[in-house]
There are 2 protein chains.
Amino acid sequence: MKPRNRTTGARLRIVLEPEIALGPGKADLLEEIEQTGSIAAAGRAMGMSYKRAWSLIEEMNVDFGTPLVHTTKGGKSYGGAGLTPTGKKVLTLYRRMEDKAGDAIRGELKALRKLLPDIAD
Amino acid sequence: MKPRNRTTGARLRIVLEPEIALGPGKADLLEEIEQTGSIAAAGRAMGMSYKRAWSLIEEMNVDFGTPLVHTTKGGKSYGGAGLTPTGKKVLTLYRRMEDKAGDAIRGELKALRKLLPDIAD
DNA sequence: ATTCGATATGTTTAACCGTACATAACGAAT
DNA sequence: ATTCGTTATGTACGGTTAAACATATCGAAT
């Protein structure tokens, strides 16, 4: 299975309310948190400052009225973070939207690319 | 026919090359130019400075290797602008992608909305 | 030659946004 | 009590971006 190309193609930004949106950045962040188990590690993996990562998460938690990311401080594992059931649902839904949208516009995307000049880097 | 909601919903950003992208802003700009016949008028209609509008157009013209917008200076009509055949194609393709993507993700979008708290503005 | 609104372009200013830096709290384990 | 890496939060700095402002040019018509 060939991995999805994340540098080019269609990017989806879901605007739930005028001030509430979910795009590739937040989705990737959720995914990284799921994989790494920590906000800090996710941020590092994405080249994003911890503060920014935390801010985005806080924003999502507030927007959805319920946390998408749960956190723990201190302790044996020195604290960490993970996705709540809602967080997992949101991530899954977003990825599915990406897939479906990508499939739906494949033809037009190809046609659009044909209009581009030959690349000679 | 109910007009499309442009404040919420899915927004599509097509990344052709790492530095070449087409999103809602440029698409709307192309459409406004088609309708108004002028860069300046299009900018005014969108609350966008002439300079920014012109810059975006120039960017597109360069990116696609051929102009999407043609312009004339001076003369009886004091100059103006319009879409080239390529420009029309690009706009049409983008709108079609929006439509198809929107249709494709309708279900997930609804599910995602259900996760949002009731809005009490 | 003047006038019109539009294109074309440069320069300066202001605002925003994210990073960098700094600090405190956390709590299980030792 | 100390230590660990992390969460949590505030403040200052820097870079990017768009807006604001300023000209210059265009060319048909008068």
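Throughout, a chain's letter reflects where its sequence line sits, starting with A, and its residues are numbered from 1. Everything numeric here is computed off the predicted structure, so don't read it as measured data.
A:H70 has its NE2 atom 16 Å from the P atom of D:dT6, to the nearest Å.
Taking every heavy atom of residues 48-60 of chain A and every atom of DNA chain D, pairs under 4.0 Å involve A:Y50, A:K51, A:W54, by number.
Judged by distance alone, the side chain of B:Y94 and the main-chain N or O of B:L12 form a donor-acceptor pair under 3.5 Å. Although no hydrogens or angles enter the test, the distance criterion places a donor-acceptor pair under 3.5 Å between the side chain of A:T84 and the main chain of A:L68. Checked by atom type and distance alone, the side chain of B:R113 pairs as donor or acceptor with a backbone atom of A:L16 at under 3.5 Å.
In this structure, A:V15 and B:T7 have side chains that are not in contact, with every pair of non-hydrogen atoms separated by 4.5 Å or more.
Note on B:A41: nothing from the nucleic acid sits closer than 4.0 angstrom, heavy atoms only. A:S77 comes within 4.0 angstrom of nothing in the nucleic acid, heavy atoms only.
Taking side-chain N and O atoms only, A:R44 has no distance below 4.0 Å to OP1 or OP2 of D:dG5.
Summarising the local packing, CZ of B:R95 is surrounded by more than 12 heavy atoms from other residues, nucleotides or ligands at distances under 6.0 Å.
Nearest heavy-atom pair across B:A42 and B:T36 is N-OG1, 3.6 Å. Here the closest heavy-atom approach between residue A:A21 and residue A:R13 is recorded as CB-NH2, 3.4 Å.
In summary, A:R106 and A:D103 engage in a salt bridge, as defined by a charged side-chain N under 4.0 Å from a carboxylate O.
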Check the interface with nucleotides 28-30 of chain D: list each N/O to N/O pair with the protein under 3.5 Å, or write none.
residue, atom, partner, partner atom, Å
D:dA28, O4', B:K76, N, 3.3

